[in-house]
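Here is how names work: the chains are called A, B, and so on, in the same order as the sequence lines, proteins then strands, and each is numbered from 1.
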Protein chains: 2
Amino acid sequence: MLSTGAAPSAEFSPRQSAVLAEALRLLVEGGDKALTTAGLARAASCSKESLYKWFGDRDGLLAAMISFQQSKVRTVERSGERLTADLLHDHLDVFARDLLEVLSGDVSLALNRLAIGQSSRDGSKLGRMLVEHGRRQIDRRAMALIDQGKRAGLLRFDSAEAAYHTLYGLIVSDLHVRMLLGETPLKDNKAQARRAVEAFLTLHGVQRDSGDAAVSSGK
Amino acid sequence: MLSTGAAPSAEFSPRQSAVLAEALRLLVEGGDKALTTAGLARAASCSKESLYKWFGDRDGLLAAMISFQQSKVRTVERSGERLTADLLHDHLDVFARDLLEVLSGDVSLALNRLAIGQSSRDGSKLGRMLVEHGRRQIDRRAMALIDQGKRAGLLRFDSAEAAYHTLYGLIVSDLHVRMLLGETPLKDNKAQARRAVEAFLTLHGVQRDSGDAAVSSGK
DNA sequence: TCCTCTAAGTACCGTACGGTACGGTTCCCA
DNA sequence: TGGGAACCGTACCGTACGGTACTTAGAGGA
């Protein structure tokens with residue numbers, strides 16, 4: 001299911017992984033400008049020649065950094081347990097918090113900034129990598145959960161895709177762009193996650209007992 | 001509803017405005033790398049010395065470009081007319097379409113990419129400019145509309161801020177970031193806007209006649 | 001007519017980057 | 001023990017950029 005990209009998605013040797021980790025550190029610390037081949041060679045105690053042998057050129061290095069980071073972050077597969085309303089609620093809440101945490105991670109932000117900065121130069125190659133390889137996993141996790149919720153009779157919607165986009169928007173709103181622009185993340189992701197899940201269930205959840213699902217305005 | 005031009009933009013002389021317009025064109029066309037002082041001087045038929053006299057340095061030029069662009073795009077003030085449910089619905093719909101149109105504009109995307117790319121270098125100065133001066137206007141317009149809706153008894157919520165963030169998330173979802181990463185915009189903003197407004201009214205609108213507000217799932 | 005101010009055009013400088021080449025060192029394996 | 005591959009450190013090259021200085025051309029004003 002994976003390794004469908006044009007990128008070789010090759011494993012990296014321990015030495016290469018250490019260099020890539022250092023590259024990510026430099027990128028997080030100082031952004032695009034701080035990630036120079038000479039600087040990386042110095043910081044990682046390797047030679048520029050090795051960098052070019054391993055990654056081809058600077059763009060190859062950037063692509064390798066994305067692959068490397070995403071090979072480290074893997075979402076755990078949810079086993080298909082029987083869903084109840086409470087379980088669905090909990091899983092949605094965990095998903096929302098996870099999503100916010102991932103998006104506000106400094107490495108994630110740095111890589112997104114990098115890809116956005118390069119998007120007008122390389123035909124969005126990095127951007128596509130980021131969306132395809134990085135987002136697809138978390139998307140799949142949410143879509144599976146949503147589908148499961150529908151099959152269990154707990155959610156209703158026409159298009160799972162549209163419902164997921166709704167959930168995503170409710171969770172993230174403009175936070176991602178604001179953080180990319182340099183704003184500091186929220187203090188409590190938990191409240192934001194809770195609000196988003198409440199709203200999502202109000203929109204797409206089947207009516208529970210009484211007015212439990214018609215909240216969002218009162219307590 | 002946007003009005004372009006018409007504002008004399010007292011900040012910049014006509015010559016400077018022409019140069020800034022050319023700078024924006026270069027930025028939209030080729031991104032950060034394409035906006036060099038020599039390139040701008042050549043494209044705009046002005047001297048580099050003039051650029052440095054007018055804008056100080058390259059960062060000053062970038063800041064001036066943001067100011068210039070935002071002096072051109074002004075949102076019209078909504079007069080405080082008496083709101084009905086249909087009027088509120090229409091105004092929300094227009095706002096949603098305007099927001100999507102603004103965010104997917106090539107100049108807006110280019111400036112956001114620029115600010116994001118610089119965010120790790122200049123302490124988010126450009127990002128703050130973009131959020132403060134650019135977004136505040138459209139935020140105010142939406143907040144005014146939402147407040148008006150509450151005062152007319154058509155909307156209910158605890159925090160107007162939170163309600164607006166919900167509206168924003170429903171409208172934009174992850175579209176903005178995806179477009180920043182290089183993805184092509186949606187084909188029809190209208191459907192997206194309509195869905196978002198429906199959902200927002202389901203969450204925060206007072207109950208209307210029958211199942212009119214409980215759509216989004218069945219037919 | 002002359003003077004001054006503005007700005008275009010160009011030449012220039014220092015720097016920093018991407019990419020290459022080369023010598024020296026370590027380590028593996030025959 | 002010898003040879004070769006990998007790799008570090010550094011020196012090097014061409015280029016391109018930000019920023020400055022200088023010369024020239026027009027525009028208005030006294």
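In this structure, the OH atom of Y52(A) is 16 Å from the C1' atom of dC8(D), given to the nearest Å. Distance NZ (K48(B)) to C1' (dA7(C)): 15 Å, rounded to an integer number of Å. Nucleotide dC8(D) holds its P atom 5 Å from the CZ atom of R15(A), rounded to whole Å. Across the protein-nucleic acid pair, L51(B) atom CG and dA8(C) atom P stand 8 Å apart, rounded to whole Å. What separates CG of D59(B) from P of dC17(D) is a distance of 16 Å, to the nearest Å. If you measure from atom CZ of R121(A) to atom C1' of dC17(C), you get 12 Å, rounded to the nearest angstrom. Between K53(A) atom NZ and dA5(D) atom C1' there is a gap of 8 Å when expressed in whole angstrom units. Atom pair Q16(A):CD and dC8(D):P shows a separation of 10 Å (rounding to whole Å applied).
A salt bridge links E29(A) with R25(A): at least one charged nitrogen is closer than 4.0 Å to a carboxylate oxygen. A salt bridge is absent between R97(B) and D90(B); no separation between the charged side-chain nitrogens and carboxylate oxygens falls under 4.0 Å. Remark: D98(A) engages R141(A) in a salt bridge, criterion side-chain N to carboxylate O under 4.0 Å.
Listed pair W54(B) / dA7(C) meets the phosphate criterion, a side-chain N or O lying under 4.0 Å from OP1 or OP2. For R42(B), no side-chain nitrogen or oxygen approaches OP1 or OP2 of dA8(C) to under 4.0 Å. A close approach under 4.0 Å does not occur between any side-chain nitrogen or oxygen of S50(B) and OP1 or OP2 of dA7(C).
The aromatic rings of H204(A) and F200(A) lie tilted to each other, with the angle between the two planes from 30° to 60°.
Proximity note for T37(A) (side chain, C-beta onward) versus dG19(D), dG18(C), dG9(C): the nearest is dG18(C). Here the nucleotide nearest the side chain of E49(A), chosen from dA7(C), dG9(D), dG18(C), is dG9(D).
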Q) Going through the checks in order, is the ring pair (Phe, Tyr, Trp, His ring centres under 6.0 Å) test met by F95(A) and H91(A)? A) CA-CA 6 Å; F95(A) 170 78; H91(A) 286 176; over 10 Å; no

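Residue order along DNA chain C, read from the 5' end via each residue's closest nucleotide, puts T36(A) first among G56(A) and T36(A).
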